[in-house]
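Remember, it's a predicted structure, so these values are computed and weren't measured experimentally.
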Amino acid sequence: MKKDVTFPKLRGALAANGLTIKELAHLMREKGVILTPSALGNKINGIREFKKDEMQIIAEILEESPVVLFFEMEYTKCVLDNELSCTI
């Protein structure tokens, strides 16, 4: 059985910027958010949850919106538009 890829847009942004998880963890540390590469990998792989400040720092490093990197756009649009009848 194929496992779903977690955070595909985040993974794509990392690849586009030529960054590894280890390098991202180092850049995060420089901005005051301390995660080991292993802990960051667990979050990217969906084993642990991201904290708000971690998402914000990653988005800042990658120069992208946290919404784009961490959330499904269709769901987010539904919530923002307050459409209770959305089907995803």
Side-chain angles (χ1 to χ4, degrees):
M1 180 185 337
K2 185 177 177 185
K3 183 179 176 187
D4 288 337
V5 175
T6 55
F7 303 110
K9 293 180 182 171
L10 171 58
R11 291 172 184 275
L14 285 172
N17 285 282
L19 290 174
T20 64
I21 291 173
K22 183 177 181 179
E23 292 166 333
L24 180 59
H26 177 75
L27 292 170
M28 291 174 70
R29 180 179 296 266
E30 289 178 351
K31 294 191 175 282
V33 175
I34 300 172
L35 283 176
T36 65
S38 176
L40 180 56
N42 284 340
K43 291 177 183 241
I44 292 172
N45 289 320
I47 297 167
R48 299 276 186 205
E49 290 187 10
F50 279 101
K51 295 179 181 174
K52 181 180 175 184
D53 64 329
E54 296 165 346
M55 290 189 281
Q56 290 174 324
I57 291 296
I58 290 170
E60 181 182 311
I61 291 167
L62 297 174
E63 298 179 349
E64 186 61 77
S65 164
V67 172
V68 170
L69 294 175
F70 294 98
F71 302 100
E72 293 296 324
M73 296 307 291
E74 295 82 10
Y75 173 76
T76 303
K77 183 178 181 333
C78 267
V79 172
L80 293 176
D81 291 345
N82 199 25
E83 295 180 18
L84 300 177
S85 62
C86 287
T87 55
I88 307 297

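Across all non-hydrogen atoms, the minimal contact from T36 to A25 is C-CB, 4.3 Å. Taking each heavy atom of V68 and K9 in turn, the nearest pair found is O-CD, 3.3 Å.
For the atom pair CG (L24) and CG (L14), the distance works out to 5.5 Å, reported to the nearest 0.5 Å. We find the CG-CE distance between L40 and M28 to be 5.5 Å, quoted to the nearest 0.5 Å. Taking CG from N17 and CD from E64, the interatomic distance works out to 9.5 Å, rounded to the nearest 0.5 Å. Atom CD1 in I58 sits 6.0 Å away from atom CD1 in I44 (nearest 0.5 Å).
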Margin query: L19 vs L62, test: side chain to side chain contact (heavy atoms under 4.5 Å, CB included). Steps then yes/no.
Written below: CA-CA 10 Å; L19 290 174; L62 297 174; 3.8 Å; yes
Please determine whether side chain to side chain contact (heavy atoms under 4.5 Å, CB included) holds for the pair V33 and M55, giving the CA-CA distance in whole Å, both sets of side-chain angles, and the decisive distance to 0.1 Å.
CA-CA 10 Å; V33 175; M55 290 189 281; over 6 Å; no
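Looking at residues two or more places apart in sequence or on another chain, you find a side chain to side chain contact (heavy atoms under 4.5 Å, CB included) between F7 and L10, F50, F70. Taking the side chain to side chain donor-acceptor pair (under 3.5 Å) definition, one finds that E54 meets it with K43, sequence neighbours left out.
Screening residues 23-35 for side chain to side chain donor-acceptor pair (under 3.5 Å), with sequence neighbours left out, gives T20-E23, H26-E30, K31-E60.
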